[in-house]
Amino acid sequence: MPIFQASFLSRRTMFKLALQECHDMLYNHKLREDKGVPSLFKKIRSVLPFFSTRKDLLSSSDVARFEWFVEKAKEFVKDLETCCSLAHYRLYLNPLITHLLQGSALWYHMVQGCETRGLLIEVSRSEEHGFVASLSFKYHHRKKPMKSVYFTLTLRLSESTDIVGITAKCLQSLGPRFACLAELSTGEVAQISTQLQVGHLPERDALALLGRICRQDPLCCTAIDPCANKVVSSELTHRFPEPVITMRFDCHISASLNKLQRSANGAWPPLRFTATFTPHSSNLFLSDRSLQEAEEAIQTEAIDCFIRQPEQTEYKMYWFSAHGGASFIVSKPVTEIGGPKTRRASKRKR
């Protein structure tokens, strides 16, 4: 049974480090040749007789430490066996999570008039995170783009994960500017989650890779390992639930902040806004303003950029802290290059 509980992941990491240490000592002293890849428990145990007879290579305290690893490995195996023996009782806790932990994908797609709704939840096994799940939701209104929304949530999955509840908290964290879209999306996801179809899709290695890149320490900010490299968590870390690895949010925003700009911009259609959050990423470069300041400035700065440089179709802003990061992209339709006159000219040509 794949490991997905944080406590098991933590202990497995500890044993892997002990195994590597044993391997390095055996290799450095050329005491034996590598014959395959023995189990973690057997390899740690096989080192003990050697170290107990070679006091010049290892102190008694080090020998005791490796003996401690052996005892802990025994406990680890017993706990895993107990966990697996109780697995069939957990299958009834949450049918949605049950399907995902069994490797199934869940999906929904519906077109009604001008509206299109879609929800896809898929899962991938990860050596570091156990199970990584991706929830993608899309609501598209063909005649009212300002009501359209798309977001993707990537998170570590466990048997106790409330994936719908976590989705709601992530959407609420976007603030008052997107409150209406967040409320709409939360209600849609909650309703659709009871109508999902079960299927099987090939596992996406990209999900596991995304977990390794965007959350280098899979146990940071948990009770087991309070935070990555003891770095003080950022305002972004506290905004999202701990299991979240990434969140991407797409919608449309107005191309004008006031009447004066509406006059200057002509009839620009709504701009596309994309925000991506990585609450547990580690960064070397730090931003000189807060996340809230960045979020408040992105629309104004993007519109000012498009007015000064009409040929520009995209404006990007990045925000980094030692623990957590975000990116914001505002883009306008390619047909808007050169401003409203170019668009009217293109219509006359047609």
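Remember, predicted model here, so these are calculated numbers, not experimental data.
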Enquirer: Distance from Cys305 atom SG to Ile298 atom CD1, nearest 0.5 Å?
Expert: 9.5 Å

Enquirer: If the threshold is 4.0 Å, N to carboxylate O, is there a salt bridge linking Glu301 and Arg289?
Expert: yes

Enquirer: Is there a continuous path of hydrophobic side-chain contacts, each under 4.5 Å between heavy atoms, that joins Met317 to Leu236?
Expert: yes

Enquirer: Ring centroid separation for Phe273 and Phe178, is it under 6.0 angstrom?
Expert: yes

Enquirer: Which heavy atom of Trp319 sits nearest a heavy atom of Leu291, and at what distance?
Expert: NE1-N, 3.3 Å

Enquirer: Check whether Lys332 reaches the backbone of Gln312 with its side chain - one donor and one acceptor, N or O, closer than 3.5 Å.
Expert: yes

Enquirer: Looking only at side chains, do Tyr150 and Thr152 share a donor and an acceptor under 3.5 Å apart?
Expert: yes

Enquirer: Out of curiosity, Asp304 CG to Gln309 CD, how far, rounded to the nearest 0.5 Å?
Expert: 11.0 Å

Enquirer: Would Phe137 and Met110 show up in the same hydrophobic cluster when neighbours are defined by side-chain heavy atoms closer than 4.5 Å?
Expert: yes

Enquirer: Does Leu100 reach the side chain of Leu157, with side-chain heavy atoms less than 4.5 Å apart?
Expert: yes

Enquirer: Indicate yes or no for a side-chain donor-acceptor contact from Gln299 to the backbone of Ser254 under 3.5 Å, with no hydrogens or angles considered.
Expert: yes

Enquirer: Between Thr161 (side chain only) and Ile163 (backbone N and O only), is there a donor and an acceptor less than 3.5 Å apart?
Expert: no

Enquirer: Looking only at heavy atoms, what is the nearest atom pair of Glu293 and Ser290, with distance?
Expert: OE1-N, 2.9 Å

Enquirer: Is any side-chain heavy atom of Leu271 closer than 4.5 Å to one of His252?
Expert: no

Enquirer: Examine Leu135 and Leu209 and state if one hydrophobic cluster contains both, with Ile, Leu, Val, Met, Phe, Trp and Tyr joined whenever side-chain heavy atoms are less than 4.5 Å apart.
Expert: no

Enquirer: From Cys180 SG over to Lys147 NZ, what is the distance, rounded to the nearest 0.5 angstrom?
Expert: 10.5 Å

Enquirer: Rounded to the nearest 0.5 Å, what's the gap from CG on Leu119 to CD1 on Ile192? Could you check?
Expert: 5.5 Å

Enquirer: For Ser193 and Ala190, indicate whether the former's side chain and the latter's backbone hold a donor-acceptor pair under 3.5 Å.
Expert: yes

Enquirer: Can you tell me if Thr116 uses its side chain to pair, donor with acceptor, with the backbone of Val111 under 3.5 Å?
Expert: no

Enquirer: For a 4.5 angstrom cut-off between non-hydrogen side-chain atoms, does Trp107 reach Ile121?
Expert: no

Enquirer: Which distance, rounded to the nearest 0.5 Å, do you find between the NE2 of His109 and the CG of Leu196?
Expert: 14.0 Å

Enquirer: State whether Glu242 and Lys169 are salt-bridged, where the test is any N-O pair (Lys NZ or Arg NE/NH1/NH2 against Asp/Glu carboxylate O) under 4.0 Å.
Expert: no

Enquirer: Exactly one of Thr154, Thr276, Leu171 should register a side chain to side chain contact (heavy atoms under 4.5 Å, CB included) with Met247. Which one does?
Expert: Leu171

Enquirer: Any donor and acceptor pair, going by atom type alone, linking the side chain of Asn283 with main-chain N or O of Ala322 inside 3.5 Å?
Expert: no

Enquirer: Within a strict 4.5 Å, meaning less than it, do heavy atoms of the Arg142 and Glu115 side chains meet?
Expert: no

Enquirer: If we count only N and O atoms by modelled type, under 3.5 Å, do the side chains of Gln197 and Tyr108 hold a donor and an acceptor together?
Expert: no

Enquirer: Passes salt bridge (charged side-chain N to carboxylate O under 4.0 Å, His left out), Asp217 versus Arg215? Steps please.
Expert: CA-CA 5 Å; Asp217 182 356; Arg215 189 168 187 173; over 6 Å; no

Enquirer: For Arg125 and Phe131, run side chain to side chain contact (heavy atoms under 4.5 Å, CB included): C-alpha distance rounded to whole Å, both residues' side-chain angles, the deciding distance at 0.1 Å, then the answer.
Expert: CA-CA 5 Å; Arg125 292 173 176 83; Phe131 278 95; 3.7 Å; yes

Enquirer: Applying side chain to side chain contact (heavy atoms under 4.5 Å, CB included), run through His280 and His323 and close with a yes or a no.
Expert: CA-CA 6 Å; His280 303 287; His323 195 70; 3.5 Å; yes

Enquirer: Return yes if some donor-acceptor pair links the side-chain N/O of Ser185 with the main-chain N/O of Ala182 below 3.5 Å, else return no.
Expert: no

Enquirer: Glu188 and Tyr139: side-chain donor and acceptor closer than 3.5 Å?
Expert: no

Enquirer: Search all heavy atoms of His141 against all heavy atoms of Lys144 and return the closest pair with its distance.
Expert: ND1-N, 3.1 Å

Enquirer: Less than 4.5 Å apart, side chain to side chain, heavy atoms only: is that true for Leu120 and Leu106?
Expert: no

Enquirer: Going through the checks in order, is the side chain to side chain contact (heavy atoms under 4.5 Å, CB included) test met by Cys170 and Val244?
Expert: CA-CA 9 Å; Cys170 290; Val244 175; 3.6 Å; yes

Enquirer: Where the side chain of Asp250 meets the backbone of Ala275, is there a donor-acceptor pair that is under 3.5 Å apart?
Expert: no

Enquirer: Does Glu296 have more than 12 heavy atoms from other residues, nucleotides or ligands lying within 6.0 Å of its CD?
Expert: yes

Enquirer: Tell me if the aromatic rings of Phe285 and Phe320 count as close, with their centers under 6.0 Å from one another.
Expert: no

Enquirer: Less than 4.5 Å apart, side chain to side chain, heavy atoms only: is that true for Thr278 and Ile245?
Expert: no

Enquirer: Shared ILVMFWY cluster between Val164 and Phe249, side chains joined below 4.5 angstrom?
Expert: yes

Enquirer: Carefully, step by step, assess Arg239 and Glu295 under the rule salt bridge (charged side-chain N to carboxylate O under 4.0 Å, His left out).
Expert: CA-CA 14 Å; Arg239 181 184 292 191; Glu295 291 174 312; 2.8 Å; yes

Enquirer: Please report the closest heavy-atom contact between Ile303 and Ala255, naming both atoms and the distance.
Expert: CD1-O, 3.3 Å

Enquirer: Side-chain contact, heavy-atom cut-off 4.5 Å: Leu155 with Val132?
Expert: no

Enquirer: Is the distance from the ring center of Phe240 to that of Phe277 below 6.0 Å?
Expert: yes

Enquirer: Check whether any side-chain heavy atom of Val330 sits under 4.5 Å from a side-chain heavy atom of Phe306, and report yes or no.
Expert: yes

Enquirer: Roughly how far apart are Arg248 CZ and Ser134 OG, rounded to 0.5 Å?
Expert: 11.5 Å

Enquirer: Checking Thr194 side chain against Gln191 main chain: does a donor-acceptor pair fall under 3.5 Å?
Expert: yes

Enquirer: Kindly work out whether a path of hydrophobic side-chain contacts (I/L/V/M/F/W/Y, heavy atoms less than 4.5 Å apart) joins Leu286 to Tyr318.
Expert: no

